[in-house]
Number of protein chains: 2
Amino acid sequence: MTQSNETTSYRDIKETVLARIRSGEWQPDSLLPNEQDLAVEFSCTRTTVNRAMRELADEGFLERRRKAGTRVLSAPQRQARFTIPKVRDEVEALGGIYRYALVSSVAERAPDWLCARLALKPDQHVMHVRCMHFNGNTPFQYEDRWIVIDSVPEVVNADFASIGPNEWLIQTVPFTNVELSFLASRADDSVAAFLDLPIGEPVFTGERITWLEGEPVTFAKMYFAAGYRMTTQF
Amino acid sequence: MTQSNETTSYRDIKETVLARIRSGEWQPDSLLPNEQDLAVEFSCTRTTVNRAMRELADEGFLERRRKAGTRVLSAPQRQARFTIPKVRDEVEALGGIYRYALVSSVAERAPDWLCARLALKPDQHVMHVRCMHFNGNTPFQYEDRWIVIDSVPEVVNADFASIGPNEWLIQTVPFTNVELSFLASRADDSVAAFLDLPIGEPVFTGERITWLEGEPVTFAKMYFAAGYRMTTQF
DNA sequence: CAGTGGTCTAGACCACGAG
DNA sequence: TCGTGGTCTAGACCACTGA
């Protein structure tokens, strides 16, 4: 009990509401009493009821609309929250020792497919950085990344031998918008070599595009070693 | 402006705080003024400041501790929220026409690997359901699922020819705990045939384990058709 | 111990949107 | 139009935890 004894907290209300939904007392799609009535029932203020119901709606159990009232969602829109850790943290969470290694870092004209992907002008230049992340001496992730020089001019002076491009970017342009995708790809000869896999092996792959105030900053492909799985509970 | 003119809303405060972090005015790891002081600065009550800061902490930008105060997280723990839609919704969101087809549905003794995975007793029985989800006539997802009969006895009477096992389960035991994983697997001959792929092709694969009040309910493997990617923005 | 965030109250005004 | 949720105020007590 977070609050002192015998008060009804918003947590209590959340529990009670969930229990009623689970028990079938409040059927999917059914309309719930309004906040004022619930406040009376729970002997608390409408503010407290409001917080409880608002959070339940955020969590995907309820749908609330002014005037229409609050309904139980028939198919709860449960959302999985995946925390996207930095590779270093991910390795260390596994109890491993993180090691980073730069493979190559070159400034080059942005390839056509990247221009299309990031809406770059045809003559824009990018820093192409390839690197490896190890768990001890085991390959953990191979990263292939392009950083738009016009958007982050300091990148030409970055020392990617000593710091990974992701960590460098987080320090340099911390607050960005991100589009993140996951897919299964096939190991080409390069990926296979870096991850110590047979060519053609399925590889769990992430793609991340990052913008800062609408300007494209970076495109990254992250190839995970065999057996990797991304897991969450909810 | 959600509130009437000239009041400071919790949204305004959130924006201002984020802007200060972005601009570097509030550096990572630095301590922010306490709520009371911010309330004075923003000419509003502490309640309003509290809501703004609480939400920013929920969203992974700040860390708050009683007595210690509120700090800017150096590596924002941005969390990707993936909405896990029902297959039907996912297909329809693509503008496609959803079609479901049952492949097989048999009650059987739980295989050993499943007993281990779900902590079943060796003699427990499961309903093994295999089915296909199509976008029009294109394979979209092949689903291989086991449902624990002791946990959901009604399953023996379910008509999986007319309703998918996931939709049936949502109707029957709506509120559950879930562990969800994604990985890249290799198409075996069966998966390859159902998804119309060459054998050995990489397949984006989901695994879902569901419990109800601690009792294991179901284990499902979901194999997605070629080219599938799971995407989110944040 | 004392400062900070966590939460509740009692009341108010308002925006939205269904009927 | 008018009921419902969205938000803010002003004030209070308390839980947690760092020093």
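Numbers restart at 1 for each chain; the letters A, B, ... are given by sequence-line order, proteins then strands.
Nearest to the side chain of A:K67, among C:dG17, C:dT9, C:dG6, sits C:dG17.
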Next on the checklist: Please evaluate residues B:M132 and B:L102 with respect to the criterion side chain to side chain contact (heavy atoms under 4.5 Å, CB included), reporting the C-alpha separation (whole Å), side-chain torsions for both, the decisive distance (0.1 Å), and the verdict.
Outcome noted: CA-CA 6 Å; B:M132 278 298 297; B:L102 178 65; over 6 Å; no
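Over its length, the helix from C:dC1-D:dG18 to C:dA18-D:dT1 turns its helix axis by 20°, as judged from the five terminal pairs at each end, rounded to 10°.
Along DNA chain C, the nucleotide closest to A:A68 and the one closest to B:N50 are compared, and the more 5′ of them pairs with B:N50.
Note on B:R46: a base of the nucleic acid sits closer than 4.0 angstrom, heavy atoms only.
Atom pair A:R66:CZ and C:dC14:P shows a separation of 13 Å (rounding to whole Å applied). Straight-line distance from the CD atom of A:E55 to the P atom of C:dT7: 8 Å, rounded to whole Å.
The phosphate of D:dG11 (OP1 or OP2) has no side-chain N or O of B:T45 nearer than 4.0 angstrom.
From B:L38, atom CG reaches atom SG of B:C44 across 8.5 Å, with rounding to the nearest 0.5 Å. Between atom CG of residue B:L114 and atom CZ of residue B:F219 there is a gap of 7.0 Å, rounded to the nearest 0.5 Å.
Defined by atom type and a distance below 3.5 Å, a donor-acceptor pair is present between the side-chain atoms of A:S162 and A:D159.
Using a 30° and 60° split on the angle between ring planes, B:F204 and B:F182 fall in the parallel class, below 30°.
In this structure, A:R99 forms a cation-pi arrangement with A:F134, its terminal cationic atom sitting closer than 6.0 Å to the ring centre and no more than 45° off the ring axis.
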